[in-house]
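Small disclaimer: the values here were computed from a predicted structure and weren't measured.
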Amino acid sequence: MIIQNFEAFLIAITVLTLTPGLDTALVIKNTSRAGVKDGFVTSLGICCGLFVHALLSAIGVSAILLQSAELFQALKLVGAAYLIWLGIGGVKSLFTKGEKLEVGTRNTQSFRAKRSFREGFLSNVLNPKTGVFYLAFLPQFINPEYSPFIQSMLLAAIHFVIAMIWQCSLSGALHSAKRLLSSPKFLSRMEGITGSVLILLGLKLIVDEVELY
C-alpha cells in the first residue's frame, strides 16, 4: 500500500479530530452566531486549511529525502517522540479539573459565507500547533518510495472528510454539544484518551523504525 501504517493513521486522526479544541470551539461559536450554515462553512474553511499544512509538510519531507534516507528516519523518530510528548500532556489532563470551552450564546447576526470561511481557514492556517503537528505526524506514514506530495495530500484529504463529518455533526447538534463542551470532566477525559493514543502510537512508530534500522 502507498501509505505506511494506514490503519494506525486512521485511528489516530479520528480520535484526535474528536478531541475538543480551537477548531471545535470556533465551529460551535459561529453556529451560535448565525446558525448551522455558519458552522458548516466555518468547518469547510478549517478543513481546507489542512491542505496548506500538508503541502508545507510535503515540501519539508521532500527536501529531507533529497539529503539522505537516514535524515528522514531521524525526522520520523523525532516526530514520534513529539507525539509521545503531546500524549503525555493529554494524559496529565486526567488529573486536573480541566477548563470550560467557551461556545458562545445564540444571537441573531446574519450569515455571511465569506466571513465564515475566512475565519475558519485563517484560524487553521495561522495555528502554529497544527503546522508543527502535521510536520511531526504525516512523515510517520509517508512511504519514501512514492511521492511525498501525493501521499501528504491524500492523508490531508482523509483528515478533511473526518473533520467535516465531525464538525458539521457538532454544528447540527449545537445544544447537546454545548452541554458536553462546557463540562471540564468531559474535556479532561477526551484529552486523556487522545494522549494515551498518541503515546501508544509514538512508541509503536519508534519500535518500528528501530527494527527497520
Item checked: Euclidean distance, N124 CG relative to C48 SG, rounded to 0.5 Å -> 9.5 Å
Note to self: Are I158 and Y146 linked, directly or through intermediate hydrophobic residues, by side-chain heavy-atom contacts shorter than 4.5 Å (ILVMFWY only)?
What the structure shows: yes
Next item on the list: Could you point out which residue of L10, L16, L18 forms a side chain to side chain contact (heavy atoms under 4.5 Å, CB included) with I162?
Entry: L10
Notebook entry, point to check: Are any of the side-chain heavy atoms of I142 and L155 separated by less than 4.5 Å?
Noted result: yes
Next item on the list: Would you mind telling me which of I46, L170, L50 makes a side chain to side chain contact (heavy atoms under 4.5 Å, CB included) with D23?
Entry: I46
Margin query: Within this structure, what is the CD1-CZ distance for the pair I13 and F137, rounded to the nearest 0.5 Å?
Written below: 4.5 Å
Note to self: In this structure, would F117 and M164 fall into the same cluster of hydrophobic residues linked by side-chain contacts under 4.5 Å?
What the structure shows: yes
Checklist line | Residue pair S171 / G39: nearest heavy atoms and the distance that separates them | finding: OG-CA, 3.5 Å
Next item on the list: Calculate, to the nearest 0.5 Å, the distance between atoms CG and CZ belonging to N30 and F40 respectively.
Entry: 13.0 Å
Check: Under 3.5 Å, is there a donor-acceptor pair between the side chain of H53 and the main chain of A156?
Finding: no
Notebook entry, point to check: Closest heavy-atom contact between V41 and A113?
Noted result: CG1-O, 3.4 Å
Check: Should L55 and M153 be marked as a side chain to side chain contact (heavy atoms under 4.5 Å, CB included) after you check the CA-CA gap, both sets of side-chain angles, and the distance that decides it?
Finding: CA-CA 7 Å; L55 175 61; M153 291 299 108; 4.0 Å; yes
Notebook entry, point to check: Are V61 and L154 joined in one hydrophobic group, where the rule is that I, L, V, M, F, W and Y side chains link up if heavy atoms are under 4.5 Å apart?
Noted result: yes
Checklist line | Same apolar cluster (I L V M F W Y, side chains within < 4.5 Å links), L200/V15 | finding: no
Next item on the list: Determine whether L135 and L56 make a side-chain contact, defined as any pair of heavy atoms from C-beta on separated by less than 4.5 Å.
Entry: no
Margin query: Would you say that F9 contacts L138 through its side chain, given a criterion of any heavy-atom pair below 4.5 Å between the two side chains?
Written below: yes
Next item on the list: Could you tell me whether the side chain of S169 and the main chain of I165 form a donor-acceptor pair under 3.5 Å?
Entry: yes
Check: Which pair of heavy atoms, one from S43 and one from A163, lies closest together, and at what distance?
Finding: OG-O, 4.1 Å
Checklist line | R115 to S110 - nearest heavy-atom pair and separation | finding: NH2-O, 2.8 Å
Next item on the list: Is it possible for you to say whether L26 and V125 belong to one hydrophobic cluster, with membership spreading through side-chain heavy-atom contacts below 4.5 Å?
Entry: no
Check: At what distance, to the nearest 0.5 angstrom, does CZ of R118 lie from CZ of R112?
Finding: 7.5 Å
Next item on the list: Quick one: closest heavy-atom pair of Y134 and A54, and the distance?
Entry: CD2-N, 3.5 Å
Next item on the list: For residues V52 and F121, report the shortest heavy-atom separation together with the two atoms involved.
Entry: CG2-CZ, 3.9 Å
Note to self: Angle between ring planes, F51 versus F160, binned at 30° and 60°: parallel, tilted or perpendicular?
What the structure shows: tilted
Next item on the list: Examine distances only and state if a side-chain atom of T42 and a backbone atom of D38 form a donor-acceptor pair shorter than 3.5 Å.
Entry: yes
